Asks: 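Got a structure for you, questions after.
Note that these values count all heavy atoms, side chains included, but never hydrogens, waters or copies made by symmetry. Keep in mind the model is a prediction, meaning the values are calculated, not measured. Sequence positions, counted from 1, serve as the residue numbers for this chain.
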Amino acid sequence: MRDILKRQAVVNDRKIIAVIDVGSTFIRMTIAENISGQGAHILDRLSQSVTLGRDIIKDRLVSPRTVDICISALSSYLDVLEEYGLTQEDVKAFAVSAVNDAENGEIFLDRLYGATGVRFVLLDPGQVGYYYHLAFRFAGSDETFNKKGENIVCEVGGTNCIVLGRKDGEIRFVQTYSVGTIPLRKQVDSASLGVRQLQDIAEGRTREIAVQIKENFRGVKLLFLGREIRLAAIRLRRGRALPSLGDASVKIKVNDLRKLLAEIGEESIEGIATGWRVTYSDAELLAPALSIVIAIADYLHVDDVRVSGLSFCDGLVEEAFSEVCGNPVENGMRRHIIRVARETGEKFHYDEKHAVRVAEISTQIFDLLSNEHNFGAKSRLLLETAALLHDVGVYVSAHGHHKHSMYLIRNTEFAGLSATDIDIVSQIARYHRKTMPKKTHTEFMNLTLDNRMLVSKMAAILRVADALDRVHDQSLGHIRFELDSESMLCIPEHRVSINAEKISLKEKSDLFERMFGRQCYIQSPS
């Protein structure tokens with residue numbers, strides 16, 4: 001069958017991609033194809049249970065056995081890839097943030113790369129939340145969670161829960177909570193507790209999640225994701241699989257989940273594994289997963305929830321197809337990131353008109369110099385975000401506000417941006433005034449060389465943009481730039497006093513001259 005699909009892919013010019021992801025309880029590969037005019041659909045899903053999350057919670061190390069299991073699984077996945085005409089270079093591979101909690105996490109990923117040639121990208125929780133958001137785009141016609149209104153998506157994982165709040169199809173917030181099925185199971189086993197005690201523990205551990213949902217959303221629909229809750233939904237449907245992507249969720253009554261949890265409490269783990277035809281690991285985590293879902297639903301006084309077969313891997317697939325089909329997802333991400341930046345600015349009472357003006361000038365200069373700095377759309381977004389937030393530190397204190405801006409940005413969650421991305425944004429904002437980056441600055445030197453250059457060049461642009469709205473009144477109007485090998489001339493839209501901007505440019509264009517080899521001048525139009 002796979003050989004037929006491979007031949008069809010060549011004949012019909014179908015685009016086939018593969019995504020591998022390592023989670024707390026599994027290593028999985030998804031192979032999908034995109035047919036022009038028909039959209040994407042899944043060809044293959046392969047999964048192998050692993051005890052990675054359990055290893056990390058127990059010893060903060062990925063065990064040698066787990067490493068061997070992952071290498072074996074990856075090797076078998078490569079054999080399948082070959083049948084589709086793909087190689088390891090064609091695979092996009094990701095590892096969830098739990099790997100980062102392991103003291104040997106980097107060594108673990110390097111071992112996988114050395115043994116199979118598959119290089120993994122480590123995802124932060126905020127990025128995982130964004131990929132869940134993209135998964136709904138992949139789902140397409142699931143009207144329940146793509147139409148207008150508020151809804152909450154909660155992925156119940158082995159080591160944590162990720163909560164994604166959506167409104168009118170857009171992200172409102174993403175939050176990660178240290179509530180997972182593996183710690184709950186460990187706590188229950190260590191104290192020989194029953195189902196009733198498990199529910200009590202789950203209620204206490206999930207209270208923060210439920211409170212935040214209740215305070216920020218009204219009349220929400222709850223959608224739960226995760227392997228164990230998906231298995232429970234299939235069990236309640238008497239073995240029927242969850243719907244296809246076109247209708248990606250089913251409604252489940254909370255009382256039915258409660259009855260199912262009571263049934264599980266009367267069986268041994270071995271009996272559940274045999275009766276449900278699931279792995280022992282899955283059987284162990286069913287009760288904790290159900291307890292978490294029931295606890296959240298009860299606190300919010302919800303009678304039914306929805307369960308989906310979607311995963312953040314479907315978001316990874318969506319992004320991969322967007323790239324190979326020439327329709328990148330950056331525009332959607334940009335819209336979300338900029339909205340979060342503006343909401344953050346409003347929270348800290350920023351000068352909105354000044355922030356927006358500086359962001360406009362910054363991106364204008366970025367585009368003007370694109371052939372020289374060679375940074376892409378992602379870097380442009382980081383600069384734009386930093387420009388919008390460069391002055392938020394004034395909320396703390398006008399004195400040293402650039403450093404306060406760095407702190408506030410670092411403690412803002414932008415779904416879709418990694419921790420490194422957010423750090424870069426914070427440091428671009430930090431250097432919008434006063435001293436330039438120095439080797440004595442610890443945070444700056446902790447960046448990679450490439451990221452230090454990115455921060456320096458983007459901060460150089462931001463300093464100039466900020467100088468060109470020195471008095472915060474946008475009086476220069478649209479600015480025209482003339483570039484030559486030695487200078488960048490800034491020409492306002494109309495004749496206006498430019499004395500303040502001239503002085504500010506002289507003070508703040510030092511980094512620009514260092515990074516781009518040009519002096520900056522401002523001149524009234526002739």
Side-chain angles (χ1 to χ4, degrees), residues 23-26 28 47 49-54 57 96 98 128 132 152-164 176-189 193-210 213 222-237 242 249-269 271-273 275-300 302 304-312:
S24 299
T25 58
F26 58 81
R28 170 178 58 190
S47 183
S49 293
V50 296
T51 58
L52 187 145
R54 198 180 300 271
I57 288 173
V96 298
V128 173
Y132 276 120
I152 293 293
V153 180
C154 180
E155 190 263 348
V156 181
T159 58
N160 55 43
C161 286
I162 297 177
V163 178
L164 167 66
T176 302
Y177 301 88
S178 56
V179 180
T181 56
I182 296 173
L184 279 183
R185 169 50 66 184
K186 182 180 179 182
Q187 190 171 357
V188 167
D189 289 347
L193 303 177
V195 166
R196 185 175 296 279
Q197 290 82 6
L198 173 60
Q199 284 185 274
D200 291 339
I201 295 171
E203 286 176 8
R205 297 294 303 277
T206 59
R207 180 62 58 88
E208 182 184 0
I209 299 175
I213 292 173
L222 281 174
L223 174 70
F224 285 94
L225 308 173
R227 182 175 176 84
E228 286 74 36
I229 189 61
R230 186 164 60 248
L231 291 172
I234 292 172
R235 180 76 172 183
L236 290 172
R237 288 163 56 83
L242 296 184
S249 61
V250 295
K251 184 182 289 188
I252 302 291
K253 290 186 177 300
V254 176
N255 279 338
D256 288 341
L257 294 176
R258 210 183 316 274
K259 292 175 184 176
L260 192 60
L261 177 60
E263 292 174 11
I264 290 174
E266 296 177 357
E267 293 189 60
S268 66
I269 302 299
I272 296 170
W276 287 45
R277 296 182 181 179
V278 298
T279 66
Y280 186 89
S281 177
D282 287 334
E284 277 189 304
L285 300 180
L286 278 166
L290 286 171
S291 297
I292 290 171
V293 173
I294 293 168
I296 294 173
D298 283 350
Y299 187 88
L300 296 174
V302 172
D304 52 62
V305 299
R306 300 194 75 90
V307 179
S308 174
L310 287 174
S311 72
F312 84 89

Asks: Is there a donor-acceptor pair closer than 3.5 Å between any side-chain N or O of Glu266 and the backbone N or O of Glu263?
Replies: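 Answer holds: no.
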
Asks: Restricting to non-hydrogen atoms, name the atom on Val96 and the atom on Gly23 that form the minimum distance, rounded to 0.1 Å.
Replies: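 Closest approach of Val96 to Gly23, heavy atoms only: CG2-CA, 3.7 Å.
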
Asks: So do Ile229 and Leu290 actually touch side chain to side chain, heavy atoms under 4.5 Å?
Replies: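 In short, these two side chains touch, coming nearer than 4.5 Å.
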
Asks: What closest approach, in Å, do Ala233 and Val307 show between heavy atoms, and which atom pair accounts for it?
Replies: CB-CG1, 3.8 Å

Asks: From Leu285 CG over to Tyr280 OH, what is the distance, rounded to the nearest 0.5 angstrom?
Replies: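 Rounded to the nearest 0.5 Å, the CG-OH separation comes out at 10.5 Å.
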
Asks: To the closest 0.5 Å, what do you measure between CG (Leu164) and OG1 (Thr176)?
Replies: 10.5 Å

Asks: Could you check whether any side-chain heavy atom of Ile264 comes within less than 4.5 Å of a side-chain heavy atom of Trp276, counting everything from C-beta outward?
Replies: yes

Asks: Going from OH on Tyr177 to CD1 on Ile296, what distance comes out if it is rounded to the nearest 0.5 angstrom?
Replies: 9.0 Å

Asks: Identify the heavy atoms of Pro288 and Thr181 that sit nearest to each other, and give their distance.
Replies: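 Heavy-atom minimum between the residues: CB-O, 3.6 Å.
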
Asks: Work out which heavy atom in Arg230 is nearest to a heavy atom in Ser308; give both atom names and the distance.
Replies: CD-O, 4.0 Å

Asks: Flag the pair Phe312 / Glu155 as yes when at least one side-chain heavy-atom distance between them is below 4.5 Å, and no otherwise.
Replies: no

Asks: With heavy-atom distances below 4.5 Å as the criterion, would you say the side chains of Leu260 and Leu286 are in contact?
Replies: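 The answer is no, as the side chains (C-beta and beyond) never meet within the 4.5 Å cut-off.
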
Asks: Search all heavy atoms of Ser249 against all heavy atoms of Arg306 and return the closest pair with its distance.
Replies: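 Heavy atoms only, the tightest pair is OG-NE, 2.9 Å.
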
Asks: Any side-chain heavy atom of Arg185 sitting closer than 4.5 Å to one from Ile269?
Replies: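 Side-chain contact under 4.5 Å: yes.
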
Asks: Would you mind reporting whether Arg207 and Tyr299 have side-chain heavy atoms less than 4.5 Å apart?
Replies: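 Heavy-atom side-chain distance check passes, below 4.5 Å.
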
Asks: With rounding to the nearest 0.5 Å, note down the distance linking NZ in Lys253 to NZ in Lys259.
Replies: 10.0 Å

Asks: List the steps and the verdict of salt bridge (Lys or Arg N to Asp or Glu O under 4.0 Å) for Arg54 and Glu284.
Replies: CA-CA 12 Å; Arg54 198 180 300 271; Glu284 277 189 304; 2.9 Å; yes

Asks: Hey, does Asp282 have a side-chain heavy atom less than 4.5 Å from the side chain of Arg227?
Replies: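 In short, these two side chains touch, coming nearer than 4.5 Å.
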
Asks: What is the minimum heavy-atom distance between Gln199 and Ser291, and which atoms define it?
Replies: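 It is CG-OG, 4.1 Å.
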
Asks: Given Leu193, which partner from the list Ile201, Leu198, Asp200, Leu184 fulfils the side-chain contact (heavy atoms from CB on, under 4.5 Å) test?
Replies: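 So the option named by the test is Ile201.
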
Asks: Do the non-hydrogen side-chain atoms of Leu257 and Leu236 ever get within less than 4.5 Å of each other?
Replies: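 Heavy-atom side-chain distance check passes, below 4.5 Å.
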
